[in-house]
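Reminder, nothing fancy here: chain letters follow the sequence lines and each chain counts from 1.
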There are 2 protein chains.
Amino acid sequence: MKDGPNIALLGSLIGDPARANMLTALTSGKALTASELAGEAGITLQTASSHLAKLEAGALVHRRKQGRHHYFCLADEEVASVIETMMGFAAKHGALRTRTGPKDPALRKARVCYNHLAGEYGVRMFDSLCAQGYVKGSAKTLGLTGAGQEFLAEMGIDLQALATPRRPLCKSCLDWSARRSHMAGTLGTALLAQILTLKWAIRQPDSRAITFSRTGEKRFFEHFPV
Amino acid sequence: MKDGPNIALLGSLIGDPARANMLTALTSGKALTASELAGEAGITLQTASSHLAKLEAGALVHRRKQGRHHYFCLADEEVASVIETMMGFAAKHGALRTRTGPKDPALRKARVCYNHLAGEYGVRMFDSLCAQGYVKGSAKTLGLTGAGQEFLAEMGIDLQALATPRRPLCKSCLDWSARRSHMAGTLGTALLAQILTLKWAIRQPDSRAITFSRTGEKRFFEHFPV
DNA sequence: TTCATAGTTCGATGTTAACCGAAGCATTAT
DNA sequence: ATAATGCTTCGGTTAACATCGAACTATGAA
């Protein structure tokens, strides 16, 4: 018989400050080396190695060896979803202890969540896609409509290339700042990529923040009205 | 160090097996007393009190005093959402991990939960009652069928005596082993009492463990096939 | 009042796990 | 080859915390 819910195990993995810092650093979607993650968490390399082994065993992160470097990233979007959901709760209740640096407003506005767009803009995009009838269905059964396919093609997104059997095309992800859903899945990834390709916005280095240009913001609002 | 977002704190709260068991028990939505939660987690009341104080301080549960009872429930929907998300992930990556402290294997097998049978045997009994069509309905509307009444009478349980207006006759109780229910309510109480009366099993003194005799186990399996 | 039940608090104990120094691999550079 | 870098593993120490017994508070019942 199974023991208590493995949710305890998952919780304890996230429950360590060092590991939590690593995981939040990885929500940027970038692959980071063990040394970089050790720096993020403020611990030595040996300790980080131990933590990363545990995170890997717990299927929270994925390791990719390249030469003498070990690159880590979040295992999948579900992990990102768990982290985001927890950050949502933590941000709401721990308002006292959350350091509100200058970065925060920008992050709330638009940021990378794993590999798709989150924040106010992410929520707006998701809502707009729903309101215009481009995507339909509930959280579980989210699908693209005919009009949606047309819309995306017009935006320059190649839907054929997105047809992976493994990852779902459409998926919603709960946002921590807005407590609303935003678009994840391969479509979410493709949309963010296209936004960056079209130079509507650029990604800030060393941050999860996404900053829109004047004209880029205008285009974005045109494409995704509320 | 920058103590990261309180996601670590949240994780560590959920990360303890006892607390995780309590939280999953509360996902049923029902308000449970400290004693009931202690029984579910397989710990003493003192320990449970300590855990519940921490969960309350962390805004994960809400306490409502009523007379000499303290009723606990999840603080809000967001907490339930966090738990659900984590359970979703944990379920997918099944039992691939070493979990901490089985505490007492005997407790896992069969134990008293408040006043009814829990553990493997409790789950089996509940499943069997459902499979044989003796009880029907969902978690909210759980009722005894005609065949069920007959079955219980044959076991020597006096249904008339159980007709209390105060407590529900049938009630399911979420087990440690997340997601599986066992029989609670007055019927659950009566069933355990009868098992002890028939000497199928005895209750260990100073413990919540229930130990079945060889023949008692046989009878139990006959009455409650899977 | 006296007793019983439900829960909290305190103190002591035992287990766990995070942490880092040092040594051991593995890969790349010189 | 030899050195240097990136990471892992081993060992021992330290700090945190889950656990339970015992004592205490509070509400309800006899």
Side-chain angles (χ1 to χ4, degrees), chain A residues 3-4 8-23 31-58 61-73, chain B residues 1 3-4 8-23 31-58 61-73 97-104 107 112-115 166 176 204-209:
Chain A
D3 177 79
L9 186 61
L10 176 58
S12 67
L13 279 175
I14 305 175
D16 179 78
R19 286 193 292 260
N21 283 328
M22 292 180 175
L23 289 171
L32 301 174
T33 67
S35 300
E36 289 170 321
L37 288 168
E40 280 291 325
I43 54 180
T44 62
L45 186 53
Q46 311 96 286
T47 306
S49 177
S50 166
H51 284 309
L52 288 168
K54 286 170 188 170
L55 289 176
E56 189 184 16
V61 304
H62 174 253
R63 180 198 307 251
R64 192 182 48 201
K65 290 186 191 178
Q66 225 168 60
R68 53 182 168 180
H69 296 269
H70 290 212
Y71 286 94
F72 294 88
C73 58
Chain B
M1 293 321 95
D3 207 39
L9 189 67
L10 175 58
S12 66
L13 279 175
I14 305 176
D16 178 78
R19 286 194 291 262
N21 285 328
M22 293 179 174
L23 289 171
L32 301 174
T33 67
S35 300
E36 288 171 319
L37 288 168
E40 274 307 305
I43 53 178
T44 62
L45 184 55
Q46 310 96 283
T47 306
S49 176
S50 164
H51 284 309
L52 287 168
K54 286 170 187 169
L55 288 176
E56 191 184 15
V61 303
H62 174 252
R63 179 197 306 251
R64 192 182 51 210
K65 291 187 191 178
Q66 227 167 59
R68 52 181 168 180
H69 296 270
H70 291 211
Y71 286 95
F72 293 87
C73 58
R97 292 283 314 194
T98 68
R99 54 286 277 247
T100 50
K103 194 69 192 103
D104 192 352
L107 281 183
V112 174
C113 167
Y114 201 43
N115 49 21
R166 287 181 58 249
W176 275 22
Q204 295 298 337
D206 302 328
S207 166
R208 273 172 303 282

Below 4.0 Å: OP1/OP2 of D/dC20 and any side-chain N or O of B/T44:
yes
Please classify the nucleic acid contact of A/S50 as base, sugar-phosphate, or nothing, using heavy-atom distances under 4.0 Å.
nothing
Can you see if the side chain of B/H70 gets near the phosphate of D/dT27 - specifically, an N or O under 4.0 Å from OP1 or OP2?
no
Given atom CD of A/E56 and atom P of D/dT9, what is their separation to the nearest angstrom?
10 Å
A/D16 side chain: which of D/dC7, C/dG7, C/dC19 is closest?
C/dC19
Under-4.0 Å side-chain N/O to phosphate OP1/OP2 contact, B/R68 with D/dT25
no
If you compare every side-chain N and O of B/R63 against the phosphate oxygens of C/dT8 (OP1, OP2), does one of them come in below 4.0 Å?
yes
Out of D/dA18, C/dC19, C/dA18, minimum distance to the side chain of B/H51 belongs to D/dA18
Are A/V61 and A/M22 packed together at the side-chain level, in the sense that at least one heavy-atom pair is separated by less than 4.5 angstrom?
no
A/E36 has an atom CD; how far is it from atom C1' of D/dT5, in whole Å?
14 Å
Looking across every strand, which nucleic acid part, if any, lies under 4.0 Å from B/A53 by heavy atom: base, sugar-phosphate, or nothing?
nothing
Output yes when at least one side-chain N/O atom of B/T47 is less than 4.0 Å from OP1 or OP2 of D/dC20, else no.
yes
Can you tell me how far P of D/dT27 sits from CD of B/Q66, to the nearest Å?
14 Å
Would you indicate whether the side-chain heavy atoms of A/S50 and A/T47 approach each other to under 4.5 Å?
no
Determine whether a donor-acceptor pair (one donor, one acceptor, N or O, separation below 3.5 Å) exists between the side chain of B/Q46 and the base of D/dG21.
yes
Identify which nucleotide among C/dC20, D/dA18, D/dC7 has an atom closest to any side-chain atom of A/I43, counting heavy atoms from C-beta outward.
C/dC20
Using atom CG of A/L45 as one end and atom P of C/dA23 as the other, report the distance to the nearest whole Å.
17 Å
I need the minimum non-hydrogen distance between B/R64 and B/A31, along with the two atoms involved.
NH2-CB, 3.8 Å
Within a strict 4.5 Å, meaning less than it, do heavy atoms of the A/H51 and A/I43 side chains meet?
yes
Ignoring hydrogens and angles, tell me if any N or O in the side chain of B/R19 forms a donor-acceptor pair with the backbone of A/A8 under 3.5 Å.
no
A/K54 has an atom NZ; how far is it from atom P of D/dT8, in whole Å?
13 Å
B/L52 CG to C/dT8 P, in whole Å, measures 7 Å
Whole-Å distance between D/dG6 P and A/L32 CG?
15 Å
Within the 4.0 Å heavy-atom criterion, would you say B/K65 contacts the bases, only the backbone, or no part of the nucleic acid?
nothing
Roughly how many Å is it from CG in A/L37 to P in D/dG6, rounded to a whole number?
14 Å
